[in-house]
Protein chains: 2
Amino acid sequence: MLDQIKIVLVNTTNSGNIGAAARAMKNMGITQLVLVDPIAVIDGDAIVRASGASEILDSCIIVSSLDEAVADCGLVIGTSARGRHIPWPLCSPRECGAKARQAVANNNSVALVFGRESRGLTNEELHKCNAHVHIPTNPDFSSLNIAAAVQVMCYEMRMSALESESAEAGESAEAGEGCANKWGVEWDYELAPHGDLERFFDHLKDSLVDIGFLDPNTPKQLMTRLRRMFQRTGLDTMEVSMMRGILAAVQRKAKVANDIDKNGKNEG
Amino acid sequence: MLDQIKIVLVNTTNSGNIGAAARAMKNMGITQLVLVDPIAVIDGDAIVRASGASEILDSCIIVSSLDEAVADCGLVIGTSARGRHIPWPLCSPRECGAKARQAVANNNSVALVFGRESRGLTNEELHKCNAHVHIPTNPDFSSLNIAAAVQVMCYEMRMSALESESAEAGESAEAGEGCANKWGVEWDYELAPHGDLERFFDHLKDSLVDIGFLDPNTPKQLMTRLRRMFQRTGLDTMEVSMMRGILAAVQRKAKVANDIDKNGKNEG
């Protein structure tokens, strides 16, 4: 599992922190380091702090954007302080270990993304992530050193990998498989009730017929797959309204286009 | 619970490590630091690395022996590499958190003891401990920086304290409340890699502009909300293809309708 996990540091300003992060990674058996547009260079201080893990520095990859860093990853987890404007699915480091294990078991690569020493990741960067992880810190002193954050996350990755090994050896490896409120933060809207969801699916189906993507006579698995996709998400009421607004706009365009079609006005 | 736990550093040689340990402690809500016969003094480097946790350095206690440091503690746990001559009760950091919680619940103070940067604790010192803790490291690179070890242990103390609080609040304190692969079954397609998702979001955005739902000049939070919705789902490769097929069909209709609009053919 650990060889499918990469550590991504964005705009790191202190070279010692890069070295200390490399050491923390190697201690926990993680070797892929990606630096996104680093401010610091890998200098003597980085090598001293890496203390025997300098081959991780030697083999680290430097890229210019977060997109590039995580392009091949099925699961991208960004470290975040609490209190973003719009809540995003949030997990603890331990849950993150379970999530990563599952992703790797399904043949995905995983990226753990750490932001700037001064101000973390931007909202735009955080919005590129599948989930956020918050290391539970003292609310009065919450700013972790970046290498310390890397240490905690890599430790949880290793613990999860070891649990997975024990599980394969036939022992119990129960660890955070459940999801209750899977978001772990107070959400801004309630989940849409079932009836609203069903009306949304009806609306979706009609719209797909209108745009000629769904043939009601041979529907195949299309609606099933769409249902599965939206239902496992847990749509909130705001999201259902938004999606229905989009469908209404789609239908207006489709109606114009289809009327034209019917009247034969768009020949040539 | 955390106010009953002290961190004891024996013969520390690097002042920066003392500072970094203090920061790690404060981040996790632990404030009592005891230095046993330190080689390093608390200097500027210690204060820089403490980065806002210097009151822990100010109030730390310096003693001349380990016995003195842990005299009032009901539970003394020493950090240890594997393979001591005489086996000793050994726990993982996580088990250590549970042990500490139990001890504090029974009105005991707890000490976590960390040895020298170069060679850890002596056998004699380890034998003064109730239990040993081994942080599971890469066997090929097992020497953790002392502040990193303090970070991991204090993190587990905090996690245990938070679990204890949730338990007291009558909530489920099961480790994994969150996310794992929430699907719990073997999936039929792999997760879409990050790059494919980004292309999907670009396509989605263009389509929303085409149907007149998104004004690129006043986008508001629309794309952020859509990103959040799709990213927390974890789209698989098949779903991304399906969604892009739908978007392409939407765009075809929109193009017909918009062309008509432009040419003024749909008046009435």
Side-chain angles (χ1 to χ4, degrees), chain A residues 23-24 26-29 52 67 70-76 86 88-89 91-92 94-95 98-99 102-103 106-108 127 130-131 136-138 141 144-145 148 151-152 155 158 162 175-180 182 184 211-213 225 229 232-233 239 242 246 249-250 253-254 256-257 260 266, chain B residues 20 23-24 26-29 51-53 136-138 141 144-145 148 151-152 155 158-159 162 174-184 187 190-195 198 208 211-213 221 224-225 227-229 231-235 239 242 245-246 249-250 253-254 256-257 260 265-266:
Chain A
R23 178 174 180 180
K26 188 173 174 190
N27 279 142
M28 295 295 137
D67 282 324
V70 301
D72 60 337
C73 294
L75 176 65
V76 179
I86 295 185
W88 210 265
C91 43
S92 72
R94 192 157 305 162
E95 290 160 353
K99 235 176 152 46
Q102 190 78 44
N106 291 323
N107 294 316
N108 298 291
H127 292 167
N130 300 105
T137 45
N138 175 359
F141 187 65
L144 273 177
N145 167 264
Q151 178 67 65
V152 167
Y155 162 74
R158 184 168 188 83
L162 293 175
E177 290 284 327
C179 354
K182 42 200 171 214
I211 62 170
F213 193 78
R225 286 195 173 277
M229 185 178 86
R232 73 170 186 264
T233 318
E239 290 165 342
M242 180 175 71
I246 292 172
V250 166
K253 293 294 179 191
V256 173
I260 297 300
N266 69 337
Chain B
R23 179 174 180 179
K26 188 173 174 190
N27 278 141
M28 296 294 136
S51 180
T137 46
N138 176 358
F141 188 66
L144 274 177
N145 169 264
Q151 179 67 65
V152 167
Y155 161 74
R158 185 170 187 82
M159 290 298 285
L162 293 175
E174 224 177 308
E177 287 285 324
C179 334
N181 163 354
K182 40 205 170 207
W183 308 327
W187 208 246
E190 287 183 9
L191 288 178
H194 180 81
E198 288 298 320
L208 292 173
I211 62 171
F213 194 79
Q221 296 183 321
T224 302
R225 288 194 174 276
R227 269 179 173 276
R228 181 182 71 171
M229 186 178 84
Q231 276 179 324
R232 71 170 188 265
T233 319
L235 294 177
E239 289 165 339
M242 181 174 70
I246 292 172
V250 166
K253 292 293 178 192
V256 173
I260 297 301
K265 283 188 192 155
N266 67 339

Checklist line | Nearest atoms (heavy-atom pairs only) where B:Lys253 meets A:Ile211 | finding: CE-O, 3.6 Å
Next item on the list: Taking all heavy atoms of A:Ala71 and all of B:Pro193, pick out the closest pair and write down the distance.
Entry: O-CB, 3.4 Å
Check: Taking B:Arg227, B:Met28, B:Met159 one by one, which has the highest count of heavy-atom pairs under 4.5 Å against chain A?
Finding: B:Arg227
Next item on the list: Determine the minimum heavy-atom distance between B:Lys26 and A:Phe141, stating which atoms define it.
Entry: CG-CD2, 3.3 Å
Check: Is it the side chain or the backbone of B:Val152 that comes within 4.5 Å of chain A heavy atoms, both, or neither?
Finding: side chain
Check: Where do B:Phe213 and A:Ala249 come nearest, in terms of heavy atoms and distance?
Finding: CD1-CB, 4.0 Å
Next item on the list: Give, for atom CE of B:Met242 and atom CE of A:Met229, the distance between the pair rounded to the nearest 0.5 Å.
Entry: 5.0 Å
Check: With a 4.5 angstrom heavy-atom cut-off, which part of A:Arg225 approaches chain B: side chain, backbone, both or neither?
Finding: both
Check: Is the backbone N or O of B:Thr137 less than 3.5 Å from a side-chain atom of A:Asn27, with the two atoms forming a donor-acceptor pair by type?
Finding: no
Check: If you take all heavy atoms of B:Gln151 and A:Leu144, which pair is closest and at what distance?
Finding: OE1-CD2, 3.7 Å
Next item on the list: Name the member of A:Cys73, A:Ala254, A:Ala24 that forms the most heavy-atom pairs with chain B at distances under 4.5 Å.
Entry: A:Cys73
Checklist line | Residue among B:Ser51, B:Ala20, B:Gly212, B:Ala148 with most heavy-atom pairs under 4.5 Å to chain A | finding: B:Ala148
Next item on the list: Identify which part of B:Arg23 has an atom lying under 4.5 Å from any heavy atom of chain A, answering side chain, backbone, both or neither.
Entry: both
Check: Side chain, backbone, both or neither: which part of B:Leu208 has a heavy atom under 4.5 Å from chain A?
Finding: side chain
Next item on the list: Can you tell which part of A:Val70 gets under 4.5 Å to a heavy atom of chain B, answering side chain, backbone, both or neither?
Entry: both
Next item on the list: Report the option among A:Ile246, A:Asp72, A:Leu75, A:Leu162 that has the most heavy-atom pairs separated by less than 4.5 Å from atoms of chain B.
Entry: A:Ile246
